[in-house]
Enquirer: 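Have a look at this one.
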Amino acid sequence: MKQKYNPPKVHSGKLRTAVEFYEYGTSGPEPGDYEKTSLFTCFAEVYNSSMKDLELLSTVETKEAVTITIRDTKGEYTVTNKHFVEIFDYRYTGKRFNVIDVRHDVTNNDFVTVVLGLKS
């Protein structure tokens, strides 16, 4: 029985864009005083959201949607929907994306897909 090898769709060579995950916390006694705290920085593959992602985003009011794929950190950092993402690319400067959904690949355990939305 001869089986043809199918290479994985995502590999380390496609992770070319730097992204930073962070959260906001209060920095003073006044309401509205927030300080950005960096949680994790890595490289990601950034691409437009698929139809499945856009269907998920239909329940959330977003102006712009992006999907990223990062390498699984094996417990070093866990992405949650309370975090924000900054993408270091000239097309996304000045934009703060909210984490909308996180999909772990249980069978492969190599990559994590994160759906991001720019809330209005």
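Just so it is clear, the values below take in all heavy atoms, side chains as well, and ignore hydrogens, waters and symmetry mates.
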Enquirer: Measure the spacing between CG of Asn109 and CG of Asp72 and express it to the nearest 0.5 Å.
Expert: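 Going from CG on Asn109 over to CG on Asp72, the span is 6.0 Å.
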Enquirer: Looking only at heavy atoms, which two atoms of Ile70 and Ala44 are closest? And how far apart?
Expert: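 The answer is CG2-CB, 3.6 Å.
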Enquirer: Is the closest side-chain heavy-atom distance between Val19 and Phe88 below 4.5 Å?
Expert: no
Enquirer: With the side chain counted from C-beta on, respond yes when Leu116 and Phe84 share a heavy-atom pair under 4.5 Å apart, and no when they do not.
Expert: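 They are not in side-chain contact.
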Enquirer: Can you list every salt bridge (Lys or Arg N to Asp or Glu O under 4.0 Å) pair that touches residues 90-100, not counting sequence neighbours?
Expert: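 Checked against salt bridge (Lys or Arg N to Asp or Glu O under 4.0 Å) - neighbours excluded - the pairs reaching residues 90-100 are Glu64-Lys95, Asp89-Arg91.
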Enquirer: Classify the side-chain pair Glu23/Thr37 by whether it contains a donor and acceptor separated by less than 3.5 Å.
Expert: no
Enquirer: Flag the pair Asn81 / Asn98 as yes when at least one side-chain heavy-atom distance between them is below 4.5 Å, and no otherwise.
Expert: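 When only atoms from C-beta onward are counted, Asn98 and Asn81 do not touch, as no gap falls below 4.5 Å.
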Enquirer: With rounding to the nearest 0.5 angstrom, report the CZ to OG distance, Phe21 to Ser38.
Expert: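 Taking CZ in Phe21 and OG in Ser38, the distance rounds to 10.5 Å.
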Enquirer: Please check if any side-chain donor atom of Tyr77 sits under 3.5 Å from a side-chain acceptor atom of His83, or the reverse.
Expert: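 A donor-acceptor contact under 3.5 Å links the two side chains.
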Enquirer: Kindly indicate whether the side chain of Arg103, heavy atoms from C-beta on, has any atom under 4.5 Å from the side chain of Val115.
Expert: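 Yes. Closest side-chain heavy atoms under 4.5 Å.
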Enquirer: To the nearest 0.5 Å, how far apart are SG in Cys42 and CD1 in Ile68?
Expert: 6.5 Å
Enquirer: Is the gap between the ring centers of Tyr90 and Tyr92 under 6.0 Å?
Expert: no
